[in-house]
Q: 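One structure, pasted below without further comment.
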Amino acid sequence: MNPTSLRTHSCGELNETNIGQEVTLCGWVDTLRDHSGVLFVDLRDRYGRTQLVFGPESGPESLGKARSLRSEYVVQAIGKVAPRPEGTTNPKLATGQIEIRVSRLVVLNPSLTPPFQPGQKELPGEDLRLKYRYLDLRRAEMQKTLMLRHRMTKIMRDYFDELGFVDIETPVLGRSTPEGARDYLVPSRVQPGTFYALPQSPQLYKQILMIAGYDRYVQIARCFRDEDLRADRQPEFTQLDLEMAFVDVDDVVGVVDGLVARLARELLSRDLPLPLPRMTYDEAMERFGHDAPDQRFGMELIDLAEVAARCEFRVFRSIADAGGRVRGINAKGAAGRYSRKGIDELTAYVQQDFGAKGLVWFKVEPDGTLASPTAKNFDAPLLAEIGRRMDAAPGDLLLIVADSFEVTCKALNGLRKRLAAELKLYDPGDMHFSWVVEFPMFAPDEEDGGWAAMHHPFTSPRAEDVDRLESEPAKCRAKAYDLVINGCEAGGGTIRIHDQKLQHRVFRLLGIDEETARVRFGFLLDALQFGAPPHGGIALGIDRMVMLFSRMSNIRDCIAFPKTQRATDLMTGAPGEVDPKQLRELGITPNRQ
RNA sequence: GGGGACGUAGCUCAAUUGGUUAGAGUACCGGACUGUCGAUCCGGUGGUUGCGGGUUCGAGUCCCGUCGUCCUCGCCA
């Protein structure tokens, strides 16, 4: 650390090589150990901790001042670096070989007794941590995470700079395009009654930049979505956003492969074999029931359609006949871990959270037979067939869901993740990176019975699907790709439509008429007519990447000032009341229920 | 909007079936101590059990409502 007016070194850098030097340290009082004749203070800053020693040679003034120190006081200490006496070194501290014999102490600023101490063992409740975020951010773990975040964005910027990408900022005050998520709106004072929308992503701008000839664009962009929060979702979040011209899927995926490999190498000291594995969306849904499969463990979904079609068991048979699916998973060796009550809980879980009608289960007995109250509905050969298909071995727990394709996916994915966590099927330090590609172009729109864009309406179909867009929309696959890390969607992108005619066909399929398209994205449609190059890109969720790379279980711990689940900031009190004058200027009358 | 967990001292938690004056660790305050590093030892302060209502002879404990934090479904890429 470079010296400043108030300090010569940080609290983390002094060691035996500095012995004898006169130094000045600044920092916060971490702990204080008063032995009357001699007194120790651990001084902390974000670089580390250094032990200050006050003894008779420090003089009565310094000793007295040291005795008056309390937790989190900010102090400046001047003294000599000295080796610690034999047997008093501290191997747990980077600076544990030395200590500072303080000759002069300055209290730069006292502190109130903090509501919790950054060094304390138990973590305070999250509401308290958020209210006193500045104290929480003093904790070593938070500092470590924010440092990792800094290193990650630094690597990203360097990487893309080396590849010739140009960092260009796009507006935060934009136009609402009522696709996708709910917008955050900002009222215009100059144009009363009209509103800006904060960007859900810089999507349209970056496409315009491609048309403008900036063929490699990158930005670390703040995005906003007014939807309900989750452990991995905040209303404002940060994306690494990029777009490239004259590319196809492999080009974008390849560039991100290189980035991910570099991140893994520099942040995790891990070499990733490239290219990262890819799987189609259809395969992911079939094998894992989810478009972002967690591949740190197996327990893949097993199809039992043939068994269901032949059996008399009403639950299976009626689903099979109605075109639904009968699928299951095998929790290896878990039969003993789940009592009848435990299985009832799993049943309630799939019913409540995913709308499954029920859960059929079997425990595999020592002799290999399948046992459960449901077993009486099957004859022996059929039970044996189920066992064979599910690779049943004594001690296994078989869980089967019979329902629509969608419900079997959701329920079995939920069970798979839950069981894997409970049975510790993977090493928490493990990381799995992969791509899911070829997403469907369209998903059935429940509201109007038509089609909705799976990704966004500018997504290009695969070349081989262009001719059947109108005839078989359900079978059309998009040039879309998601980066999946540990079962979490870390990012996603597409190759865009650069041809105005194709764009209009897709709009028509989505039920977006000419007029609506013109009003919402007329500027993009115009731009597409002025020499739009083929282009595509991707956005990576930086907060989520930090969460995954630092092994945090929620995104808030990766953001300096996050919002609560109800989207409030407990430190600042946002969102808050505003002066009525501000509202008058905006022509807004609040209507509180 | 639905389901769930939690809310007790500044902080982290305990308190048997509803039953005496709600405890412990830590922090804080005071004292002792010349080599500690989660210092130790002695003493002390600290409580509207989130808030409101109800049941009961009696409520931290049971019921209803409400507020807050978190997890989750819907929602959201």
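Chain naming here is simple, since letters A, B, ... match the order of the sequence lines and numbering starts at 1 in each. Worth saying up front: this structure is predicted, and the values here are computed from it rather than measured.
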Q: Partner lookup for U17(B), please. Criteria are Watson-Crick or G-U wobble with both distances under 3.5 angstrom; report none if nothing qualifies.
A: none
Q: Write down the distance between NZ (Lys92(A)) and C1' (A39(B)), rounded to a whole number of angstrom.
A: 12 Å
Q: Please report, rounded to the nearest Å, how far the P atom of A77(B) is from the CH2 atom of Trp435(A).
A: 19 Å
Q: In whole Å, I'd like the distance from the CD atom of Glu406(A) to the P atom of G74(B).
A: 9 Å
Q: Rounded off to whole Å, could you give me the CD-to-P distance for the Glu122(A) and U12(B) pair?
A: 8 Å
Q: Between Gly125(A) and Leu570(A), which is nearer to the 5' end of RNA chain B once each is assigned its nearest nucleotide?
A: Gly125(A)
Q: Can Glu227(A) and Arg233(A) be counted as an ion pair, charged N to O under 4.0 angstrom?
A: no
Q: Counting side-chain heavy atoms from CB outward, which of C33(B), G74(B), G35(B) is closest to Pro85(A)?
A: G35(B)
Q: Any N or O donor-acceptor pair under 3.5 Å from the base of G35(B) to the side chain of Glu99(A)?
A: yes
Q: Given atom CD of Gln51(A) and atom P of G35(B), what is their separation to the nearest angstrom?
A: 13 Å
Q: Watson-Crick or G-U wobble partner for G68(B), using a 3.5 Å limit on both distances?
A: C6(B)
Q: Side chain of Arg84(A), heavy atoms from C-beta onward: which of G68(B), C33(B), G35(B) has the nearest atom to it?
A: G35(B)
Q: Tell me whether the side-chain N or O atoms of Arg230(A) pair up with the base of G74(B) as donor and acceptor below 3.5 Å, since no angle test is needed here.
A: yes
Q: For atom C1', what is the distance between A59(B) and U49(B), given to the nearest Å?
A: 11 Å
Q: Given the P atoms of C13(B) and G50(B), what is the spacing between them in whole Å?
A: 14 Å
Q: Can you find a side chain N or O atom of Lys131(A) that sits less than 4.0 Å from OP1 or OP2 on U69(B)?
A: no
Q: Go ahead and name the base partner of A24(B); Watson-Crick or wobble counts if both distances stay under 3.5 Å, otherwise write none.
A: U12(B)
Q: Quick one: are Met142(A) and Arg133(A) in side-chain contact, heavy atoms under 4.5 Å?
A: yes
Q: Suppose you measure atom P in C63(B) against the same atom in G7(B); what distance do you get, rounded to whole Å?
A: 14 Å
Q: Could you tell me whether Glu72(A) and Arg70(A) have a side-chain N and a carboxylate O separated by less than 4.0 Å?
A: no
Q: Please check the phosphate of C37(B) (OP1 and OP2 only) for any side-chain N or O of Thr31(A) closer than 4.0 Å.
A: no
Q: For nucleotides C6(B) and U16(B), find the distance between their P atoms and express it as a whole number of Å.
A: 15 Å
Q: In whole Å, I'd like the distance from the CG atom of Asp543(A) to the C1' atom of A77(B).
A: 14 Å
Q: If you check the Ala181(A) side chain, which of C29(B), C37(B), C76(B) turns out closest?
A: C76(B)
Q: Is any side-chain nitrogen or oxygen of Gln117(A) closer than 4.0 Å to OP1 or OP2 of C11(B)?
A: no
Q: Using atom C1' of each nucleotide, how far apart are G60(B) and U21(B) to the nearest Å?
A: 15 Å
Q: Any donor-acceptor pair under 3.5 Å joining the side chain of Arg225(A) to the base of C76(B)?
A: no
Q: I want to verify a distance call: between C70(B), G68(B), C29(B), whose nearest atom is closest to the Arg566(A) side chain?
A: G68(B)
Q: In plain terms, say whether Glu286(A) and Arg325(A) are close enough for a salt bridge, that is, a side-chain N and a carboxylate O under 4.0 Å apart.
A: yes
Q: Rounded to whole angstrom units, what separation is found between the CZ atom of Phe224(A) and the C1' atom of C76(B)?
A: 16 Å
Q: So, are Glu236(A) and Arg225(A) salt-bridged, with charged N and O less than 4.0 Å apart?
A: no
Q: Between C71(B), U69(B), G35(B), which nucleotide gets closest to the side-chain atoms of Glu126(A)?
A: U69(B)
Q: Between Thr113(A) and C28(B), is there a contact of a side-chain N or O with OP1 or OP2 at under 4.0 Å?
A: no
Q: So, Gln207(A) versus Tyr205(A): side-chain donor-acceptor pair below 3.5 Å or not?
A: no
Q: Expressed as a whole number of Å, how far does the C1' atom of U26(B) sit from that of C64(B)?
A: 37 Å
Q: Both distances below 3.5 Å, Watson-Crick or wobble geometry, any strand: find the nucleotide opposite C75(B).
A: none
Q: Looking at C37(B), G35(B), U34(B), which one has an atom nearest to any side-chain atom of Asp42(A)?
A: C37(B)
Q: Between Arg416(A) and Phe297(A), does a side chain to side chain contact (heavy atoms under 4.5 Å, CB included) hold up when you go through it step by step?
A: CA-CA 10 Å; Arg416(A) 189 175 166 267; Phe297(A) 57 94; 3.5 Å; yes
Q: Does Arg556(A) put a side-chain nitrogen or oxygen below 4.0 Å from OP1 or OP2 of C71(B)?
A: yes
Q: To the nearest angstrom, how far is Arg67(A) atom CZ from A32(B) atom C1'?
A: 11 Å
Q: Is any N or O donor-acceptor pair between the side chain of Arg233(A) and the base of C75(B) shorter than 3.5 Å?
A: yes
Q: Counting only Watson-Crick pairs (N1-N3 plus N6-O4 or O6-N4) and G-U wobbles (N1-O2, O6-N3), all under 3.5 Å, who is the partner of U40(B)?
A: A32(B)
Q: Stacking between His35(A) and the base of A39(B) (centre distance under 5.5 Å, interplanar angle under 30°)?
A: yes
Q: Of the options C29(B), G35(B), C75(B), whose atoms approach the side-chain atoms of Arg70(A) most closely?
A: C29(B)
Q: Going by modelled atom types, is there a donor-acceptor pair between the base of U12(B) and the side chain of Gln120(A) at under 3.5 Å?
A: no
Q: Can you figure out which of G74(B), C71(B), G10(B) approaches the side chain of Pro115(A) most closely?
A: G10(B)
Q: So which nucleotide from C73(B), C71(B), U36(B) ends up closest to the side chain of Phe354(A)?
A: C73(B)
Q: Between Phe439(A) and Asn90(A), which residue's closest nucleotide on RNA chain B lies nearer the 5′ terminus?
A: Asn90(A)
Q: Donor-acceptor pair under 3.5 Å: do we get one between Asp353(A)'s side chain and the base of G3(B)?
A: no
Q: Taking only N and O in the side chain of Thr564(A), is any of them less than 4.0 Å away from OP1 or OP2 of G68(B)?
A: no
Q: Report yes if a side-chain nitrogen or oxygen of Lys121(A) is closer than 4.0 Å to either non-bridging phosphate oxygen (OP1 or OP2) of C11(B); otherwise report no.
A: no
Q: Could you measure between the two C1' atoms, the one in C11(B) and the one in U69(B), and give it in whole Å?
A: 16 Å
Q: Would you say whether Phe116(A) stacks on C11(B)? The test is a distance between ring centres of less than 5.5 Å and an angle between planes of less than 30°.
A: no
Q: Met454(A) side chain: which of U69(B), A77(B), C11(B) is closest?
A: A77(B)
Q: Strictly below 4.0 Å: does Thr568(A) bring a side-chain N or O up to OP1 or OP2 of U69(B)?
A: yes
Q: Mark yes or no: Arg418(A) above the aromatic ring of Tyr349(A), with NZ or CZ under 6.0 Å from the six-membered ring centre and no more than 45 degrees from the axis.
A: yes
Q: If we take the P atom in both G65(B) and C70(B), what is their distance in whole Å?
A: 22 Å
Q: Quick one about Asp344(A) and Thr347(A) (side-chain donor to acceptor, distance below 3.5 Å, no hydrogens or angles considered), yes or no?
A: no
Q: Looking only at non-hydrogen atoms, find the nearest pair between Leu510(A) and Pro457(A) and report the distance.
A: CD1-CB, 3.6 Å
Q: Just call it for Arg44(A): base, sugar-phosphate, or nothing, with non-hydrogen atoms closer than 4.0 Å on any strand.
A: nothing
